[in-house]
Amino acid sequence: QKNSCVLPEDLKNFYLMTDGFQMTWSVKTDDTPMPLGSMVINSVSKLCRLGGSSMYTLPSAPTLADLEDDTDEEGNGDKPEKPHFDSRSLIFELDPCNGNGKVCLVYKHAEPVVSPDTEIWFLDRALYWHFLTKTFTAYYRLLITHLGLPQWQYAFTSYGVSPQAKQWFNMYKPITINTALLSEEADYFVNKLDPNKVFKSKNKTPVLKKKPPSQPPGSQKSHTSTASAKTSSLAGNSSRK
């Protein structure tokens, strides 16, 4: 009511479930936890408007509208029109990004009546705008997908994330930081598993046990008869003695 605008339906449903969202996670280095990821959606009370007041306490201090660069080309080609800090747009801060910029909910057409169409933009520290998503739901999915890694919003800028942040991306989100390579080589990140090589058994030559040569039945009978003849002759000789 204060700014004569209505929240988009998906963001309104989000605030009906919870008044803001904050989740942080840490990594352990040398048995010491170090905060790394941070996912934040400001509460309704912290959904502050940008560009309406001066950044300093001096009466003649410049506002964000005074610092806006109008030399940028607007809406060329497929690029959407950038927000404005003056009365042409209404801008509300969704995420302070730990001082690395601001994720903003933008009503780009505020004159003469505020349009219900909104977009999510990222404002970097140099006051340049970068488009993120058309809806809050799509942005929320991006936030979860990128795990709240430091400076993850800069992956959607022309200059990308810093080298330090890229190291964290390579550790926890390697596919996200290498999207160009993924589009060029679709099978680059696919785990290629050849079952023929994995489950291939070594061909061992079986050791054959030597069996005594089998004798024909006739020879066995003759051998038995000769043995019995020898036994009888020995018995006769002993009786004669």
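The structure displayed is predicted, hence computed values, not measured ones.
Checked by atom type and distance alone, the side chain of Asn42 pairs as donor or acceptor with a backbone atom of Glu93 at under 3.5 Å. Without hydrogens or angle criteria, Asp95 side chain to Met39 main chain gives no donor-acceptor distance under 3.5 Å. Between the Tyr107 side chain and the Val6 main chain, a donor and an acceptor come within less than 3.5 Å of each other. Although no hydrogens or angles enter the test, the distance criterion places a donor-acceptor pair under 3.5 Å between the side chain of Lys108 and the main chain of Glu81. Put simply, the side chain of Asp124 gets close to the backbone of Ala126: a donor and an acceptor are under 3.5 Å apart. With hydrogens and angles ignored, the 3.5 Å screen pairs a side-chain donor or acceptor of Lys173 with a backbone N or O of Thr145.
Annotation: side chain of Leu47 is in contact with side chain of Tyr15 (closest heavy-atom distance under 4.5 Å). Residues Trp168 and Gln151 form no side-chain contact, since every pair of their non-hydrogen atoms from C-beta on lies 4.5 Å or further apart.
Closest approach of Gly99 to Arg125, counting heavy atoms only: O-CD, 3.4 Å. Nearest heavy-atom pair, Met23 versus Phe21, reported as atom, atom and distance to 0.1 Å: CB-CZ, 3.7 Å. Among all heavy-atom pairs drawn from Pro35 and Ser26, the shortest one is CA-OG, 3.5 Å. Taking every heavy atom of both residues into account, Pro150 and Ala165 meet most closely at O-CB, 3.6 Å. Across every non-hydrogen atom of Lys82 and Trp121, the tightest pair is CA-CH2, 3.8 Å.
Here the straight-line distance linking atom CD1 of Ile120 with atom CG of Leu143 works out to 11.0 Å at 0.5 Å rounding. Atom CZ of Phe14 and atom CG of Leu11 lie 7.5 Å apart (nearest 0.5 Å). One finds the CG atom of Asn13 at 13.0 Å from the OG1 atom of Thr18 (value rounded to the nearest 0.5 Å). Distance CD/Glu9 to CG/Leu16: 8.5 Å, rounded to 0.5 Å. The OG atom of Ser89 sits 9.5 Å away from atom CZ of Arg49, with the distance rounded to the nearest 0.5 Å. If you take CZ on Phe136 and CG on Leu105, they are separated by 9.0 Å, rounding to the nearest 0.5 Å.
A 6.0 Å sphere centred on CG of Asp10 holds more than 12 heavy atoms belonging to other residues, nucleotides or ligands.
Both Val103 and Tyr159 are members of a single hydrophobic cluster when ILVMFWY side chains are connected at heavy-atom separations under 4.5 Å. With hydrophobic clusters built from ILVMFWY side chains whose heavy atoms lie under 4.5 angstrom apart, Ile91 shares a cluster with Leu123. Under the 4.5 Å side-chain contact rule for hydrophobic residues, Val44 and Ile41 share a cluster. No continuous path of hydrophobic side-chain contacts links Leu7 to Met17 [ILVMFWY only; heavy atoms under 4.5 Å]. The hydrophobic clustering, which links ILVMFWY residues whose side-chain heavy atoms are closer than 4.5 Å, places Val40 and Phe156 apart.
Side-chain contact of Ser43 with Ser45: a donor-acceptor pair under 3.5 Å is present, judged by distance alone.
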Go through it in stages, so that I can follow the logic: the residues are Tyr128 and Thr157, the test is side-chain contact (heavy atoms from CB on, under 4.5 Å), and I'd like the CA-CA distance, side-chain angles, deciding distance and then a yes or no. CA-CA 10 Å; Tyr128 286 103; Thr157 65; over 6 Å; no
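When Trp152, Tyr154, Phe131 are each tested for a ring pair (Phe, Tyr, Trp, His ring centres under 6.0 Å) with Phe122, only one passes: Tyr154.
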